[in-house]
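Notes to accompany the following structure.
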Amino acid sequence: MSPKKAKKKQSAEASSNVFSMFEQAQIQEFKEAFTIMDQNRDGFICKNDLRDTYAALGRLNVSNDELDEMLKMAPGPINFTIFLCMFGEKLKGTDPEETILNAFKIFDPEGTGILKGEEIKYHLMSQADKFNETEVTQMYENFPLDVAGNLDYKNLCYVITHGEDKEDKD
């Protein structure tokens, strides 16, 4: 088989396999996100689409270099299939839920499923790949502590690996 045909075959296989990586509902959510980002409705996400998306999120000072770096992550023009492949590649790098749970269980010998927010903050900022104050704040903004100041790490692990709160699933 010629290299050109082999490359086309690989590309076609990658495209068809990416759809099997996600449930239909997830694909629909990705499609909605893609449609929102594709501001000019040409079927591709370009630099202007990215800039408009950032603007819609309240960030107006995104540099051209930053946008160019994002676009370089894609193997070519970002159509929906490429968009989905990029998410698939990012999600492949996520550890299995069990592995993440086991990491948190080190701090929860009783297996309650919750940890004191201040204690986790201390560990995140003082151990291994240290978080900074901003990163911890962002984490708590995206996954708030309960009224007692505790982190529901079992639900957090589920969100990391499945993309939505267990409570949100019906």
Side-chain angles (χ1 to χ4, degrees), residues 1-101 103 124 129 131-146 151-170:
M1 186 180 317
S2 76
K4 229 179 193 179
K5 284 184 183 178
K7 190 171 184 173
K8 279 184 183 178
K9 185 177 179 187
Q10 275 181 328
S11 176
E13 286 174 2
S15 297
S16 64
N17 289 339
V18 72
F19 289 96
S20 65
M21 291 175 61
F22 301 105
E23 295 173 14
Q24 193 58 41
Q26 290 174 304
I27 293 171
Q28 186 58 39
E29 287 175 12
F30 285 129
K31 184 65 175 168
E32 289 170 18
F34 180 86
T35 302
I36 290 168
M37 292 178 73
D38 182 18
Q39 295 284 310
N40 62 8
R41 303 290 183 253
D42 67 352
F44 295 92
I45 295 175
C46 64
K47 188 189 290 191
N48 287 335
D49 291 334
L50 286 176
R51 186 179 311 284
D52 291 344
T53 300
Y54 270 111
L57 296 171
R59 185 163 170 218
L60 304 173
N61 59 347
V62 184
S63 72
N64 280 327
D65 290 342
E66 194 175 352
L67 296 173
D68 289 336
E69 282 302 310
M70 284 183 219
L71 291 170
K72 283 182 194 172
M73 289 183 211
I78 305 173
N79 62 18
F80 180 64
T81 304
I82 297 294
F83 183 79
L84 205 56
C85 285
M86 291 173 75
F87 271 97
E89 287 171 11
K90 290 290 183 195
L91 293 175
K92 264 197 255 178
T94 303
D95 290 321
E97 185 174 6
E98 187 71 24
T99 302
I100 300 169
L101 277 171
L124 288 172
D129 291 332
F131 278 41
N132 62 38
E133 186 77 33
T134 303
E135 291 168 325
V136 173
T137 301
Q138 285 175 340
M139 181 182 87
Y140 287 155
E141 284 172 2
N142 291 313
F143 205 88
L145 301 175
D146 66 15
L151 174 69
D152 177 352
Y153 73 84
K154 287 184 176 180
N155 201 25
L156 174 62
C157 293
Y158 185 88
V159 170
I160 290 169
T161 56
H162 295 86
E164 58 187 69
D165 288 345
K166 285 182 183 179
E167 292 124 27
D168 291 349
K169 281 201 110 143
D170 292 323

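Throughout, residue positions are numbered sequentially from 1 according to the sequence presented.
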Residues at least two apart in sequence or cross-chain that pass side-chain hydrogen bond (donor to acceptor under 3.5 Å, both in side chains) with Glu133, listed by chain then number, are Lys121
State which residues pass salt bridge (charged side-chain N to carboxylate O under 4.0 Å, His left out) with Lys47; sequence neighbours excluded, sorted by chain then number.
Asp68
side-chain contact (heavy atoms from CB on, under 4.5 Å) for Leu50 and Leu71? Distances and angles first, verdict last.
CA-CA 9 Å; Leu50 286 176; Leu71 291 170; 3.7 Å; yes
Got a sec, which residues hit ring pair (Phe, Tyr, Trp, His ring centres under 6.0 Å) with Phe80, two or more places apart in sequence or on another chain?
Phe34
Out of curiosity, Thr134 OG1 to Glu141 CD, how far, rounded to the nearest 0.5 Å?
9.5 Å
Would you please name every residue forming a side chain to side chain contact (heavy atoms under 4.5 Å, CB included) with Leu145, sequence neighbours left out?
Tyr140, Leu151
Identify, with sequence neighbours excluded, every residue that meets side chain to side chain contact (heavy atoms under 4.5 Å, CB included) alongside Ala74.
Ile78, Ile82, Met86
Applying salt bridge (Lys or Arg N to Asp or Glu O under 4.0 Å) as the test, list every pair that has at least one member in residues 33-43; sequence neighbours left out.
none
Determine, step by step, whether Tyr54 and Asn61 satisfy the side-chain contact (heavy atoms from CB on, under 4.5 Å) criterion, reporting the C-alpha distance in whole Å, the side-chain angles of both residues, the deciding distance to 0.1 Å, and the verdict.
CA-CA 9 Å; Tyr54 270 111; Asn61 59 347; over 6 Å; no
If the condition is side-chain hydrogen bond (donor to acceptor under 3.5 Å, both in side chains), which residues does Asn64 pass it with, not counting sequence neighbours?
Arg51
For Gln28, enumerate each residue passing the side chain to side chain contact (heavy atoms under 4.5 Å, CB included) test, keeping only those at least two apart in sequence or located in another chain.
Glu32
Check side-chain hydrogen bond (donor to acceptor under 3.5 Å, both in side chains) between Arg59 and all other residues, then give those that pass, not counting sequence neighbours.
Glu66
Set of residues satisfying side chain to side chain contact (heavy atoms under 4.5 Å, CB included) with respect to Asp52, sequence neighbours excluded:
Gln39
Asp49 side, atom CG; Ile36 side, atom CD1 - distance, nearest 0.5 Å:
12.5 Å
Residues Phe83 and Phe30: closest non-hydrogen pair is CE2-O, 3.5 Å
All pairs passing salt bridge (Lys or Arg N to Asp or Glu O under 4.0 Å) where residues 69-85 contributes a residue, at least two apart:
Glu69-Lys72
